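Here the structure comes first, spelled out in structure tokens, and everything after it is commentary.
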Amino acid sequence: MLRSCAARLRTLGAPRWLPEGWRAPGSEPRAAQRSFSSEEVFHKDYAVPNPSWNKDLRLLFDQFTKKCEDGSWKRLSSYKRGCALRVKDFQTHFLDPKHMKEEQTSKAQLFTRSFDEGLGFEYVMFYSDVEKRMVCLFQGGPHLEGAPGFLHGGAIATIVDTTTGTCAVITGGVVMTANLNINYKRPVPLCSVVVINCQLDKVEGRKIFISCSVQSVDEKTLYSEATSLFVKLEPKSDIKSC
Ligand SMILES: CCCCCCCCCCCC(=O)SCCNC(=O)CCNC(=O)[C@H](O)C(C)(C)COP(=O)(O)OP(=O)(O)OC[C@H]1O[C@@H](n2cnc3c(N)ncnc32)[C@H](O)[C@@H]1OP(=O)(O)O
């Protein structure tokens with residue numbers, strides 16, 4: 001399934017439902033190549049190095065960027081907001097339009113991109129069609145503290161949901177998280193870099209099962225393991241408004 005969806009993305013070039021910042025393989029992240037006007041601030045690509053990235057994150061970014069040279073891996077660009085086409089696509093899956101009013105959505109921005117540089121979620125995702133997996137390189141900033149000196153469990157759940165969710169979107173299109181199960185095995189030191197490896201386990205009808213691990217850069221420490229269930233939505237039939 002993952003292979004066929006990735007192949008579809010390659011063939012179509014512009015799928016109707018895109019994961020965060022997804023661009024067709026081979027296309028360039030145009031927004032990352034120039035400066036931004038105030039109107040374009042939402043179009044800045046955040047999945048590139050900035051001064052807050054530590055040595056580990058830069059090194060891994062360079063390693064995965066190298067892997068992208070032969071096309072076997074793709075970096076996913078990342079913005080504060082999804083593209084208009086994606087929002088529109090998602091709207092078609094809501095029964096009640098009151099949840100998507102313009103005055104509400106105009107202020108909306110992606111949770112993980114809502115922190116000042118270096119304070120929250122610094123991350124970049126790479127996807128391999130060849131290896132059929134998604135990798136997220138993540139540095140959790142000081143405003144994500146839970147236990148003193150360590151990352152909040154909710155922050156870990158957030159980046160796990162984001163990574164597995166992006167993998168699910170590539171696999172199934174418009175999906176929502178139905179279940180997220182995390183085992184926290186070791187605390188993650190604040191401001192350290194972790195590598196989140198996720199893979200598609202199986203697809204059963206509308207259900208997409210994905211699992212992932214959260215490890216240290218040297219792979220010696222397994223911080224967390226998670227399994228996720230995503231359910232593929234059908235237009236104007238799935239989400240029950242409250
Ligand atoms: C902007 C993005 C950028 C793209 C980048 C994405 C990255 C960000 C990712 C963040 C994603 C989120 O935060 S999403 C936000 C958090 N999630 C939500 O708010 C979802 C709230 N829940 C729902 O809306 C609903 O429950 C759904 C849509 C998940 C499912 O409802 P439904 O469509 O009516 O389907 P339903 O018939 O209930 O279930 C379908 C099948 O799934 C099974 N199933 C359903 N729920 C569960 C469950 N918890 N555990 C086990 N199995 C379950 C059912 O048994 C059934 O199996 P069978 O009988 O067929 O065998």
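All residue numbers in this chain count up from 1 along the given sequence. It should be emphasised that the depicted structure is a prediction, and the values quoted were computed from it without experimental measurement. Order of listing sets the numbers, starting from 1, for every ligand and every atom in it.
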>> Applying a heavy-atom cut-off of 4.0 Å, say which part of Leu233 lies close to ligand 1: side chain, backbone, both or neither.
In response: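 The side chain, only.
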>> One residue to check: Val231. Relative to ligand 1, which of side chain, backbone, both or neither has a non-hydrogen atom less than 4.0 Å away?
In response: side chain
> Can you check side chain to side chain donor-acceptor pair (under 3.5 Å) on Arg75 and Thr65, steps first, answer last?
Replying inline: CA-CA 7 Å; Arg75 182 184 69 87; Thr65 300; over 6 Å; no
>> More than 12 heavy atoms of other residues, nucleotides or ligands under 6.0 Å from CZ of Arg186: yes or no?
In response: no
> Is atom CG of Asn183 surrounded by more than 12 heavy atoms (other residues, nucleotides or ligands) closer than 6.0 Å?
Replying inline: yes
>> For the 3.5 Å polar cut-off, considering only N or O atoms, please tell me whether Thr166 and ligand 1 meet it.
In response: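 The answer is no, given that Thr166 and ligand 1 share no N or O pair closer than 3.5 Å.
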> Does the side chain of Gln199 pick up a donor-acceptor pair with the side chain of Asn197 at under 3.5 Å?
Replying inline: no
Where the closest heavy atom to [atom] is concerned, which of [options] has it?
atom: atom 47 (C) of ligand 1; options: Leu229, Thr163, Asn181, Asn179; result: Leu229
atom: atom 56 (C) of ligand 1; options: Glu204, Lys207, Lys232; result: Lys207
atom: atom 17 (N) of ligand 1; options: Thr177, Ile159, Ile208, Leu76; result: Thr177
atom: atom 32 (P) of ligand 1; options: Glu234, Arg81, Arg206; result: Arg206

>> Does the plane of the ring in Phe121 sit parallel, tilted or perpendicular to the ring in Tyr123? Use 30° and 60° as the thresholds.
In response: perpendicular
> Is the NZ or CZ atom of Lys202 both under 6.0 Å from the centre of the six-membered ring of Phe209 and within 45° of that ring's axis?
Replying inline: yes
